[in-house]
Amino acid sequence: MHDLINLLQVIGGFVGAFATALAVTHKSNKADYEAIIKELTAERDEFKKDYYKQKEKTEKLEEELRKRQ
């Protein structure tokens, strides 16, 4: 049983090493990633701006409700 566990650990090690080697040698186009990051950053900034506008409106409405009560 001990030998089987050791064999499975060795096989797992080889699979892990192969996956790591594949990931390291995989070539990617950094320009594509940079464009995606810039696009997502701009989208995040728009959502952030919209969030703060909505938050301000909500706070004003909550303040009006407090005054009415």
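For the single chain, residues carry numbers from 1 onward in sequence order.
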Once you round to the nearest 0.5 Å, how far does [atom1] of [X] lie from [atom2] of [Y]?
X: T41; Y: K48; atom1: OG1; atom2: NZ; answer: 11.0 Å
X: F47; Y: L40; atom1: CZ; atom2: CG; answer: 10.0 Å
X: Q54; Y: E59; atom1: CD; atom2: CD; answer: 11.0 Å
X: K55; Y: E62; atom1: NZ; atom2: CD; answer: 10.5 Å
X: Q9; Y: L4; atom1: CD; atom2: CG; answer: 10.5 Å

Under 4.0 Å between a Lys/Arg side-chain N and an Asp/Glu carboxylate O for [X] and [Y]?
X: E56; Y: K53; value: no
X: K49; Y: E46; value: yes
X: E34; Y: K38; value: no

Criterion side chain to side chain contact (heavy atoms under 4.5 Å, CB included) against L7, the qualifying member of I5, D3, I11:
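So the option named by the test is I11.
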
Just wondering, more than 12 heavy atoms not from E63 lying within 6.0 Å of its CD?
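Check passes, neighbour count above 12.
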
